[in-house]
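Numbering starts at 1 and runs along the sequence shown. Note that the coordinates shown come from a computational prediction; the quantities given were computed from them, not determined experimentally.
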Amino acid sequence: MTSPQLEWTLQTLLEQLNEDELKSFKSLLRALPLEDVLQKAPWSEVEEADGKKLAEILIHTSSENWIRSATVTVLEEMNLTELCKMAKSEMLEAGQVQEIDNPQLGDAEEDSELEKPGGQGVKFVWKQSLVWKNTFWQGDIDSFHDDVIQRNQRFIPFLNPSTPSFVTLTVSMVTLAKLDWTDCNLSPTVRYAFYLNCKELSRMGPCSFAELISKDWPELQDDIPSILAQAQRILFVVDGLDELKVPPGALIQDICGDWEQQKPVPVLLGSLLKRKMLPKATLLVTTRPRALRDLQLLVQQPIYIRVEGFLEEDRRAYFLRHFGDEDQAMRAFELMRSNAALFQLGSAPAVCWIVCTTLKLKMEKGEDPAPTCLTSTRLFLRFLCSQFARAQLGLRWLSLLAAQGLWAQMSVLHGEDLESAGVQESDLRLFLDRNILRQDGVAKGCYSFIHLSFQQFLTALFYALEKEEEEDRDGHAWDIGDVQKLLSREERLKNPDLIQAGHFLFGLANEKRVKELEATFGCQMSPEIKQELLRCKGSLHADKPLSMTDLKEVLCCLYESQEEELAKVVVAPLKKISINLTNTSEMMHCSFSLKHCRDLEKVSLQIAKGVFLENYVDFEADIEFERCTYVTLPSWAQQDLRSLRLWTDFCALFSSNSNLKFLEVKQSFLSDSSVRILCDHITRSTCHLQKVEIKNVTPDTAYRDFCLAFIGKRTLTHLTLEGHIEWERTMLLLLCDLLRNHKCNLQYLRLGGHCATSEQWVDFFYVLKANQSLRHLHLSASVLLDEGAKLLYKTMTHPKHFLQMLSLENCRLTEASCKDLAAVLVVSQQLTHLCLAKNPIGDTGVKFLCEGLSYPECKLQALVLQQCSITKRGCRYLSEALQEACSLTNLDLSLNQIARGLWILCQALENPNCNLKHLRLKTYETNLEIKKLLEEVKEKNPKLTIDCNASGATAPACCDFFC
């Protein structure tokens with residue numbers, strides 16, 4: 001999923017571009033290697049988009065890394081120094097992010113030993129965590145531990161002496177597991193290594209840098225000067241930068257380069273990171289993403305490596321080891337995988353342990369474990385209730401500490417934090433004994449939660465619990481925001497860790513969860529919490545429509561709550577939604593809430609690649625599939641079946657909501673089965689869709705299935721089919737059957753991207769004669785050619801044709817086609833709107849059209865000749881036609897090199913016989929003389945509107961004249 005922070009940053013950047021800059025941005029963007037989805041998207045949408053819309057298009061068609069890199073590259077090429085600087089500042093990973101699926105061992109605490117210098121190399125010895133061994137695993141873990149560790153080591157770039165000397169390991173789910181360097185072949189340039197634990201550094205008083213690095217090795221005191229003199233051979237491992245407890249800005253104040261001078265520890269560390277202290281040394285920094293913004297203020301040109309956690313196969317192996325019984329293990333694993341949000345959290349071993357512990361206990365009691373994995377809140381709560389049923393007071397204190405830490409963006413609690421909250425270590429003993437809260441083995445007096453997600457869950461619990469009087473009185477001292485701040489977009493952009501806490505809070509608003517908590521712990525839940533949540537989420541769309549990101553957030557929260565009544569109230573005002581489904585969880589979220597949205601009128605839908613797998617799997621290469629029996633399905637097929645079941649629930653929306661009239665499906669990776677399910681709901685009598693747009697979807701056969709579903713659909717009046725459509729005989733016959741059917745009420749038909757033969761066009765245009773409902777026909781971007789157009793014109797001369805608006809934009813027509821079209825203008829009593837944009841008809845083509853316009857029988861009102869290679873001579877023909885009181889009231893001549901022809905055209909515009917009311921222009925020559933001329937025309941003809949900005953991001957679509 002694309003992050004909200006990136007969407008907000010990109011939108012802010014693009015909205016600062018003026019019209020010309022935005023046009024240049026798009027032009028340079030198109031010259032870059034585009035990703036698949038963006039490459040298949042209609043570039044016309046990009047051309048017509050403003051800054052906000054362009055940001056949305058990029059977010060939903062491209063990966064985060066591509067967006068970051070492309071944005072910085074284009075802004076640099078445009079020489080927009082300030083915006084480029086802002087882009088680099090906000091998009092932290094631009095240009096140097098390496099995504100790696102790398103398993104980690106969790107938030108384990110290890111000790112480190114540094115071999116005394118003197119040998120030819122450096123030896124690291126990281127002791128295996130007892131917490132890992134005793135908590136996350138039972139029995140022998142050596143082989144599994146070794147497999148995981150070995151995959152970590154090859155990603156450390158400074159093992160290669162030719163790489164830069166600043167590396168940042170960014171950990172998305174868990175703190176970095178300590179690497180086993182014993183057998184690691186470090187670069188020969190590295191001779192000395194120092195390990196700096198940020199938890200421990202937070203508790204140290206002022207000292208010199210020499211004292212800082214030798215505090216655990218007093219025997220090094222005499223060797224420090226000679227060691228630091230060889231800075232280029234030193235490696236500093238700064239572990240857990242996000243756990244450094246310092247005031248804002250402390251790392252960049254009073255920077256010092258003297259390693260003997262006494263300074264506060266944050267100043268010394270900031271000096272090291274800023275490269276003022278020992279600038280030639282190599283640094284390896286580990287941190288969670290929350291500290292990346294501060295880190296970037298300190299360092300220059302670092303390498304960022306994101307460490308994602310357990311791979312899927314690691315999770316599966318973990319479950320098999322934990323359960324012992326393969327059937328139970330795989331059932332539990334599939335239950336976790338059925339919840340995409342929970343499965344993502346499972347990349348952390350700590351979460352895998354929580355899931356396994358909870359589900360195994362359910363199975364041992366003979367209970368159905370499936371409901372437990374329905375939401376993350378339900379699973380975490382079940383774990384909490386099963387492990388800590390007698391810890392009411394401790395739970396209250398622990399939730400307070402969790403909330404304090406989360407708002408301070410700290411995962412580490414210090415002794416003074418407990419003291420300020422009035423909490424004793426004895427109050428938390430049960431949680432310490434069960435390793436939910438852990439005491440640091442290196443930094444004494446420091447405590448950390450088993451995993452960030454559990455801290456987020458406890459934070460939600462803090463809000464859900466009814467506050468006691470003394471808590472309310474001291475609440476301001478805790479510096480914890482209220483529910484409204486917790487759920488606000490502004491706070492979440494500053495502190496993304498609040499997002500999951502908000503989800504958990506909605507989950508705890510469920511009546512059944514409330515009763516479970518009260519029965520287990522004997523504590524009272526806040527009766528006002530549901531109303532507070534309702535006020536916060538209800539106000540999100542009170543002033544303006546929800547963005548796609550905000551809508552997903554609302555639907556996710558409502559699903560987590562599992563409260564139908566809450567969902568009804570929140571989604572009631574929605575009339576239009578735009579949603580990009582990237583996983584099965586988002587389908588579940590939509591299905592749960594949108595069925596209650598009775599006033600919903602329009603759904604705009606995108607399906608990301610990977611949601612459906614049926615048409616995107618290599619069957620021959622799938623060994624598991626070749627070996628399977630009729631009972632066993634390969635993993636991809638099981639996943640696809642889950643997706644299709646959820647898709648069926650989602651599609652029920654279209655056959656159950658009588659107010660839903662408009663469906664748009666664009667840039668979507670569907671499958672044969674998913675298309676059939678959607679079409680099944682469309683064909684039902686309870687489906688009242690009037691307008692359907694299918695744009696750029698796969699597989700290609702989907703268009704054929706949609707056509708079949710629309711045959712005899714009496715409510716359908718508008719249909720758009722655009723993309724790479726296989727115009728084979730079956731597709732053609734279905735489309736003809738659709739138009740020929742006696743129930744057909746189709747008034748608007750748009751077909752784009754078709755390549756048909758002359759014989760196929762003959763059949764299609766013949767059917768148009770029999771159809772009496774169609775009024776608008778758009779054949780944009782189709783290979784019609786003059787030959788195909790001639791067949792269409794012949795149909796339009798038939799006395800019973802009813803077409804009023806015809807668009808042949810970008811159909812490769814020439815001037816020869818206009819001669820036949822001129823005859824249609826004379827004969828047709830119905831045609832009022834004509835678009836020939838992006839066809840090279842030239843001045844001769846305009847001459848033929850003007851001959852038709854000059855006849856009093858011509859009823860044409862709107863003519864679009866955008867980008868048609870028209871020059872001064874063409875303007876002369878148009879001027880003559882307009883002065884003869886022709887019927888034309890709207891004319892689009894934008895993007896033609898008409899040059900001095902504008903003066904000729906203005907003669908007609910000043911003529912009282914000219915009926916033109918709207919002229920759209922965009923010349924390549926914009927000067928003061930032209931502006932003055934147009935102003936004079938407007939003064940003499942005040943009824944005329946002249947649009948001179950019809951290009952780039954602000955340009956209206958060609959078909960706007962058809963409205």
Side-chain angles (χ1 to χ4, degrees), residues 107 199 202 243 245 290 377 380-381 383-385 387-440 445-487 491 495 497-509 513-514 517-518 520-529 532-533:
D107 288 321
K199 292 181 190 175
S202 296
E243 297 170 340
K245 190 175 182 180
R290 63 167 68 135
T377 305
F380 275 61
L381 181 60
F383 171 78
L384 188 70
C385 291
Q387 300 292 316
F388 307 100
R390 299 178 182 177
Q392 176 184 347
L393 183 60
L395 183 63
R396 188 176 291 276
W397 290 125
L398 191 64
S399 65
L400 165 62
L401 294 170
Q404 278 186 291
L406 200 69
W407 276 97
Q409 300 191 51
M410 294 292 296
S411 58
V412 178
L413 304 173
H414 298 272
E416 53 266 31
D417 296 323
L418 273 65
E419 185 177 342
S420 64
V423 181
Q424 302 293 325
E425 183 179 309
S426 58
D427 297 329
L428 307 174
R429 176 48 53 194
L430 181 59
F431 299 98
L432 287 165
D433 291 343
R434 301 281 180 89
N435 292 305
I436 295 304
L437 188 68
R438 295 168 310 153
Q439 192 165 13
D440 196 293
C446 290
Y447 306 86
S448 58
F449 292 94
I450 187 175
H451 187 257
L452 173 62
S453 60
F454 206 78
Q455 183 182 2
Q456 292 165 326
F457 174 76
L458 291 170
T459 298
L461 190 59
F462 167 79
Y463 286 96
L465 289 171
E466 187 171 19
K467 303 295 183 291
E468 297 178 355
E469 290 185 10
E470 59 186 73
E471 293 180 61
D472 290 332
R473 185 172 60 249
D474 299 333
H476 295 292
W478 296 336
D479 198 21
I480 299 174
D482 58 17
V483 173
Q484 187 173 355
K485 288 189 70 175
L486 175 71
L487 300 178
E491 292 296 333
N495 185 358
D497 290 342
L498 297 176
I499 296 175
Q500 185 61 47
H503 296 174
F504 282 131
L505 183 55
F506 268 85
L508 291 173
R513 307 289 84 75
V514 169
L517 262 170
E518 292 180 344
T520 303
F521 295 99
C523 53
Q524 292 297 311
M525 304 297 288
S526 172
E528 295 88 16
I529 190 64
E532 288 192 63
L533 296 177

* **Full working for side chain to side chain contact (heavy atoms under 4.5 Å, CB included) between T520 and L381** => CA-CA 10 Å; T520 303; L381 181 60; over 6 Å; no
* From CA spacing to verdict: side chain to side chain contact (heavy atoms under 4.5 Å, CB included), L508, I529 -> CA-CA 9 Å; L508 291 173; I529 190 64; over 6 Å; no
* To do: Could you walk me through whether S411 and Q455 pass the side chain to side chain contact (heavy atoms under 4.5 Å, CB included) test, one step at a time?
  => CA-CA 8 Å; S411 58; Q455 183 182 2; 4.0 Å; yes
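Between the CZ atom of R438 and the SG atom of C446 there is a distance of 12.0 Å, given to the nearest 0.5 Å. Separating the CZ atom in F449 from the NE2 atom in H451 is a distance of 13.0 Å, to the nearest 0.5 Å. Separation of atoms CG (L395) and CG (L458) is listed at 6.5 Å; rounding is to 0.5 Å. With values rounded to the nearest 0.5 angstrom, F454 atom CZ is found 5.0 Å from L384 atom CG. The distance from the CD atom of E518 to the CD atom of Q524 is 4.5 Å, given to the nearest 0.5 Å. Here F383 contributes atom CZ and F457 contributes atom CZ; the two are 10.0 Å apart, rounded to the nearest 0.5 Å.
Proximity of L418 to Y447: side-chain heavy atoms (C-beta onward) are separated by under 4.5 Å at one or more points. With a 4.5 Å cut-off on side-chain heavy atoms, W407 and E491 count as touching.
The two atoms that bring R434 and Q387 nearest to each other are NH1-O, 2.5 Å, heavy atoms only. Summarising the geometry of Y463 relative to S526, their closest heavy-atom pair is O-CB, 4.3 Å, with the distance given to 0.1 Å. L487 and G502 get closest at one heavy-atom pair: CD2-CA, 3.8 Å. Residues L413 and L437 approach most closely at CD1-CD1, 4.3 Å, considering heavy atoms. For the residue pair V412 and K199, the shortest heavy atom distance occurs at CG2-CE, 3.7 Å. Heavy atoms only, all atoms of each residue included: R396 and E466 are closest at NH1-O, 3.1 Å.
A salt bridge (charged side-chain N to carboxylate O under 4.0 Å, His left out) check over residues 403-418, counting only residues at least two apart or in different chains, returns the pairs R203-E416, K245-D417.
In this view, A501 and L406, Q456, T459, L486 satisfy the side chain to side chain contact (heavy atoms under 4.5 Å, CB included) rule, not counting sequence neighbours. With sequence neighbours left out, Q424 forms a side chain to side chain contact (heavy atoms under 4.5 Å, CB included) with S426, D427.
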